[in-house]
Enquirer: 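Here it is, the structure in full.
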Amino acid sequence: MAIHLYNTLTRQKELFKPIEEGKVRMYVCGPTVYNYIHIGNARPPIVFDVVRRYFEYRGYEVNYVSNFTDVDDKIIKAANELGETAPEIANKFIAAYHEDVKALGVMEATCHPRVTENIQEIIDFVSALIEKGYAYEAEGDVYFKTREFEGYGKLSHQSVDELRSGARIEVGEKKQNPLDFALWKAAKPGEPYWESPWGPGRPGWHIECSAMAQKYLGDTIDIHAGGRDLAFPHHENEVAQSEALTGKTFANYWLHNGYININNEKMSKSLGNFVLVHDMIKNQDPEVIRFFMLSVHYRNPINFSDELLESAKTGLERIKATFENLHHRLANSADLSEDIDSWKETLANYKKRFITEMDDDFNTANAISILFELTKEANLYLQEPNSSKEILELFIQTFEEIASVLGLDLMEEKELLDGEIEQLIEERNEARKSRNFARADEIRDLLKEKNIILEDTPQGVRWKRK
RNA sequence: GGCGGCAUAGCCAAGUGGUAAGGCACGGGUCUGCAAAACCCUUAUCCCCCGGUUCGAAUCCGGGUGCCGCCUCCA
């Protein structure tokens with residue numbers, strides 16, 4: 001078996017073949033930093049983080065590049081509204097992005113390039129396109145000549161004629177053709193700008209990704225990913241720019257994730273039906289959000305609601321409880337000479353199935369169902385009166401291996417209990433021994449009010465926070 | 001108008017030719033001093049509807065209905 005992934009370009013699942021043996025060059029479109037990200041914006045970082053982790057798990061070295069669009073109309077607008085400069089706004093929300101995404105368990109990208117740090121590369125890119133006859137200047141703007149690029153529409157599977165009928169030229173635009181798009185925008189008074197051969201201005205939206213992908217990953221990359229809504233026009237335009245310039249394939253595989261929906265409708269900033277990650281994680285364990293997102297295949301839409309999140313939370317807690325129980329039992333385990341080999345085989349099978357599912361276009365939904373089956377298997381084992389240290393460790397290791405690819409940390413950090421509570425637990429133990437159950441229950445209720453849940457097991461009392 | 005996606009139990013969700021994974025919720029039981037947790041059992045003769053292909057279809061083909069998305073900034 002090997003990794004297969006669904007390629008938007010060909011509309012089918014394909015065997016992954018890297019450009020360079022053992023390496024993956026991956027570019028994921030990052031946010032325009034004019035606001036906190038919402039839950040929908042969080043889906044690409046999460047699902048493609050898993051894609052990256054899985055490639056690494058399978059022995060690939062992944063060069064994962066994700067950009068920040070830190071100059072743009074919306075940033076300028078936000079800056080004006082808030083009375084701050086555009087760079088201040090951008091820096092603020094870049095920091096917020098890192099914070100949010102870290103809470104969601106997303107690994108740092110290999111590289112996080114910013115548009116404003118790559119202006120020269122962009123200018124060079126645009127100049128080269130003009131030289132090659134793929135772009136033209138018009139009063140300080142530069143536009144890409146869509147009809148010069150033969151494959152235009154091949155990624156989003158739109159015919160140029162159809163697109164043309166839907167496109168329109170806004171009043172005052174200087175495009176020769178409605179489908180042409182801006183590579184460089186002349187600065188209006190008061191806007192941030194950089195000097196260029198066409199006068200002061202700033203990059204258009206699409207050119208930055210082409211220029212930065214090329215700079216950090218080369219002319220041809222393995223995987224280019226982003227939200228479904230970026231396929232057109234953003235990614236289509238990237239293909240046009242990059243391939244027009246280099247004459248080479250820009251990206252071998254295009255991955256697009258489905259949307260997060262609210263009441264069956266796309267969550268988006270323009271519809272106003274969004275929930276910010278920043279706000280949500282104040283009341284909700286971010287890991288639950290991650291787990292919930294991974295419980296659906298990345299290409300399918302996810303309907304988002306508190307109820308669904310709650311049910312995901314219950315499920316995740318069950319897995320975690322079992323994982324903790326395994327650790328708890330380790331302290332009371334013996335070196336039993338049981339049939340280790342058959343257990344090794346059983347657990348190796350879980351891993352094998354996990355790999356099979358993930359190889360099939362990163363089916364995290366099925367990967368999670370395997371984690372649930374493993375949980376059941378472990379619970380069954382834990383019911384036996386005696387447990388072998390070696391087998392417990394095998395279980396733990398299997399859990400950890402699968403969870404780490406999904407980016408889940410099953411081990412809860414437990415702050416130590418304060419002395420008073422420990423005292424109460426001890427007192428309750430004594431009460432139970434002397435069959436003073438009234439007092440024992442009283443203490444259990446008391447602790448429950450402090451959000452400490454007690455569980456009596458054959459191996460002694462165990463506590464957890466609610 | 002063009003292109004595309006989806007429709008599976010009360011809810012969520014895998015499954016793209018071989019006879020319905022997994023989770024949440026519900027009910028019954030085991031364990032427990034009682035709980036909690038866990039485990040066991042039960043829950044879709046059937047996968048939106050109609051027709052076709054096939055020994056065999058939720059899965060393929062044709063038609064229909066409903067919902068959603070892209071074609072414009074958007075993850």
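Numbers restart at 1 for each chain; the letters A, B, ... are given by sequence-line order, proteins then strands.
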Enquirer: Mind checking who B:U30 pairs with, Watson-Crick or G-U wobble, both distances under 3.5 Å?
Expert: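 Base-paired to B:A38.
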Enquirer: Provide the distance between the two C1' atoms, one in B:A13 and one in B:C6, to the nearest whole Å.
Expert: 13 Å
Enquirer: Measuring to OP1 and OP2 of B:G4, would you say a side-chain N or O of A:R11 lies under 4.0 angstrom away?
Expert: yes
Enquirer: Taking atom P in both B:U53 and B:C12, compute the distance separating them and give it to the nearest angstrom.
Expert: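 Each nucleotide's P atom is 35 Å from the other's.
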Enquirer: Can you tell me the pairing partner of B:G4 across any strand shown, Watson-Crick or G-U wobble, with both distances under 3.5 angstrom?
Expert: B:C68
Enquirer: What interatomic distance, in whole Å, is found between C1' of B:A75 and the corresponding atom of B:G69?
Expert: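 Nearest-Å result for B:G69 against B:A75 at atom C1': 13 Å.
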Enquirer: B:G52 and B:G10: how far apart are their P atoms, nearest whole angstrom?
Expert: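 Between the two P atoms, the distance is 29 Å.
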Enquirer: Using a 4.0 Å heavy-atom cut-off across all strands, classify A:G226 as base, sugar-phosphate, or nothing.
Expert: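 Sugar-phosphate contact only - A:G226 comes under 4.0 Å of backbone atoms but never of a base.
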Enquirer: Could you give the distance separating B:G2 and B:G64 at their P atoms, to the nearest angstrom?
Expert: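 Between the two P atoms, the distance is 13 Å.
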Enquirer: Quick one: does A:D441 reach the base of B:G33 with a side-chain donor-acceptor pair under 3.5 Å?
Expert: yes
Enquirer: Does A:N303 have a side-chain nitrogen or oxygen under 4.0 Å from the phosphate oxygens OP1 or OP2 of B:A13?
Expert: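 No.
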Enquirer: Figure out the CZ/P separation between A:F372 and B:C12, and round it to whole Å.
Expert: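 Result: 17 Å.
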Enquirer: Which word best sums up how the rings of A:H256 and A:W254 line up, parallel for under 30°, tilted for 30 to 60°, or perpendicular for over 60°?
Expert: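 Ring orientation of A:H256 relative to A:W254: parallel.
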Enquirer: Write down the distance separating the C1' atoms in B:U43 and B:A20, rounded off to the nearest Å.
Expert: 14 Å
Enquirer: Look at the side chain of A:K266 and the base of B:C74, then say whether one donor and one acceptor between them are separated by less than 3.5 Å.
Expert: yes
Enquirer: B:C39 phosphate, OP1 or OP2: any side-chain N/O from A:R318 under 4.0 angstrom?
Expert: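 Yes, such a contact exists.
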Enquirer: Compare side-chain N and O positions of A:N366 against OP1 and OP2 of B:A14 and report whether any pair is under 4.0 Å apart.
Expert: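 Answer is no, no contact under 4.0 Å.
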Enquirer: Taking pairing as Watson-Crick or G-U wobble with both contacts under 3.5 Å, can you name the mate of B:U19, or confirm there isn't one?
Expert: none
Enquirer: Give one of base, sugar-phosphate or nothing for A:L271, where a contact means two heavy atoms less than 4.0 Å apart.
Expert: nothing
Enquirer: If you check every side-chain atom of A:S369, which of B:C70, B:C40, B:A21 has the closest atom?
Expert: B:A21
Enquirer: Choose from B:A35, B:A13, B:A38 the nucleotide whose nearest atom is closest to any side-chain atom of A:R444.
Expert: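 Nucleotide nearest to A:R444's side chain: B:A35.
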Enquirer: Check whether any side-chain heavy atom of A:N63 sits under 4.5 Å from a side-chain heavy atom of A:Y216, and report yes or no.
Expert: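 No - every pair of side-chain heavy atoms lies 4.5 Å or more apart.
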Enquirer: Within the structure provided, determine whether A:V65 and A:M26 are in side-chain contact (heavy-atom separation under 4.5 Å).
Expert: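 A:V65 does not reach A:M26 side chain to side chain.
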Enquirer: Check every strand shown and say whether A:G258 touches a base, only sugar-phosphate, or nothing at a heavy-atom separation below 4.0 Å.
Expert: base
Enquirer: Using whole Å, what does the distance between atom P of nucleotide B:A75 and atom CH2 of A:W254 come to?
Expert: 16 Å
Enquirer: With centres under 5.5 Å and planes under 30° as the test, does A:F437 stack with B:G33?
Expert: yes
Enquirer: Let's see if you can work this out: which of B:C39, B:C3, B:A36 has an atom nearest to the side-chain heavy atoms of A:H157?
Expert: B:C3
Enquirer: Could you give the CD-to-C1' distance, from A:E373 to B:G22, as a whole number of Å?
Expert: 7 Å
Enquirer: Yes or no on side-chain hydrogen bond (donor to acceptor under 3.5 Å, both in side chains) for A:S210 and A:E238, after CA distance, side-chain angles and deciding distance?
Expert: CA-CA 6 Å; A:S210 283; A:E238 285 185 48; 4.7 Å; no
Enquirer: Considering only B:G4, B:C24, B:C70, which nucleotide approaches the side chain of A:T314 most closely?
Expert: B:C24
Enquirer: Side-chain N or O of A:N300 versus OP1/OP2 of B:C68: is the shortest distance under 4.0 Å?
Expert: no
Enquirer: Can you measure A:R299 atom CZ to B:G4 atom P for me and round it to whole angstrom units?
Expert: 15 Å
Enquirer: Which nucleotide wins on minimum distance to the side chain of A:L308, given the candidates B:C11, B:A38, B:G22?
Expert: B:C11
Enquirer: Taking B:G28 as the reference, what is the distance to B:G22 when you measure between their C1' atoms (whole Å, please)?
Expert: 22 Å
Enquirer: With a non-hydrogen cut-off below 4.0 angstrom, is A:E357 in contact with a base, only sugar-phosphate, or nothing?
Expert: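 Since no nucleic acid heavy atom lies under 4.0 Å of A:E357, the category is nothing.
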Enquirer: Look at the side chain of A:N257 and decide which nucleotide, out of B:A75, B:G69, B:G33, has an atom nearest to it.
Expert: B:A75
Enquirer: Here's a test of your reading of the structure: between A:T375 and A:R428, which maps to the more 5' nucleotide of RNA chain B?
Expert: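 Closer to the 5' end of RNA chain B: A:R428.
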Enquirer: Who is the Watson-Crick or G-U wobble partner of B:A25, with both distances under 3.5 Å?
Expert: none
Enquirer: To the side chain of A:H38, which of B:A21, B:C70, B:A75 is closest?
Expert: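 Nearest to the side-chain atoms of A:H38, counting from C-beta on, is B:A75.
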Enquirer: In whole Å, I'd like the distance from the NE2 atom of A:H297 to the P atom of B:C6.
Expert: 11 Å
Enquirer: Assess whether a salt bridge exists between A:K154 and A:E243, defined as any Lys/Arg side-chain N lying under 4.0 Å from an Asp/Glu carboxylate O.
Expert: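 Looking at A:E243 together with A:K154, the answer is yes, because their closest N to O distance falls below 4.0 Å.
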Enquirer: For A:A312 and A:T32, take the nucleotide of RNA chain B holding the closest heavy atom to each; which residue's nucleotide lies nearer the 5' end?
Expert: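 Its nearest nucleotide being more 5', the pick is A:A312.
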Enquirer: Measuring to OP1 and OP2 of B:A36, would you say a side-chain N or O of A:W463 lies under 4.0 angstrom away?
Expert: no
Enquirer: Quick check for you: among B:C39, B:G69, B:A36, whose closest atom lies nearest to any side-chain atom of A:L380?
Expert: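 From the listed options, B:C39 comes nearest.
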Enquirer: Can you check the distance between B:C49 and B:G29, where both ends of the measurement are the P atom (answer in whole Å)?
Expert: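 Straight-line distance between the two P atoms is 36 Å.
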Enquirer: Identify which one of A:R202, A:K174, A:K185, A:K175 satisfies the salt bridge (charged side-chain N to carboxylate O under 4.0 Å, His left out) criterion when paired with A:D141.
Expert: A:K174
Enquirer: Rounded off to whole Å, could you give me the CG-to-P distance for the A:N436 and B:C34 pair?
Expert: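 Atom CG in A:N436 sits about 16 Å away from atom P in B:C34.
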Enquirer: Just to confirm, is there a sub-4.0 Å distance from OP1 or OP2 of B:C40 to any side-chain nitrogen or oxygen of A:K376?
Expert: yes
Enquirer: Rounding to a whole Å, what distance do you find between A:D72:CG and B:U72:C1'?
Expert: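 It works out to 15 Å between those atoms.
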Enquirer: Nearest to the side chain of A:F232, heavy atoms from C-beta on, is which of B:A14, B:C34, B:C71?
Expert: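 Minimum distance to the A:F232 side chain belongs to B:C71.
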Enquirer: Over how many whole Å does the gap from A:R432 atom CZ to B:G33 atom P extend?
Expert: 7 Å
Enquirer: Does the side chain of A:K320 reach to within under 4.5 Å of the side chain of A:E287, using non-hydrogen atoms?
Expert: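 Counting from C-beta outward, A:K320 and A:E287 do come under 4.5 Å.
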Enquirer: Taking the six-membered ring for Trp, is the centroid-to-centroid distance between A:W184 and A:Y143 below 6.0 Å?
Expert: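 Here the rings of A:Y143 and A:W184 have centres that are no less than 6.0 Å from each other.
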Enquirer: Looking only at N and O atoms, is any donor in the side chain of A:D456 or the base of B:C31 less than 3.5 Å from an acceptor on the other one?
Expert: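 It does not, because no donor-acceptor pair links the side chain of A:D456 to the base of B:C31 below 3.5 Å.
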Enquirer: At 4.0 Å (heavy atoms only), tell me whether A:N261 reaches a base, stays on the sugar-phosphate, or touches nothing.
Expert: nothing
Enquirer: Any heavy-atom pair between the side chains of A:N67 and A:C209 that's under 4.5 Å?
Expert: yes
Enquirer: Tell me, with the steps shown, if A:H112 and A:H98 meet ring pair (Phe, Tyr, Trp, His ring centres under 6.0 Å).
Expert: CA-CA 10 Å; A:H112 271 299; A:H98 281 303; 4.9 Å; yes
Enquirer: By the 4.0 Å heavy-atom rule, please label A:L454 as base, sugar-phosphate, or nothing.
Expert: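 Since a base atom lies under 4.0 Å of A:L454, the category is base.
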Enquirer: Which listed nucleotide (B:A75, B:C67, B:G33) is nearest to the side chain of A:N264?
Expert: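 For A:N264, the side-chain atoms sit closest to B:C67.
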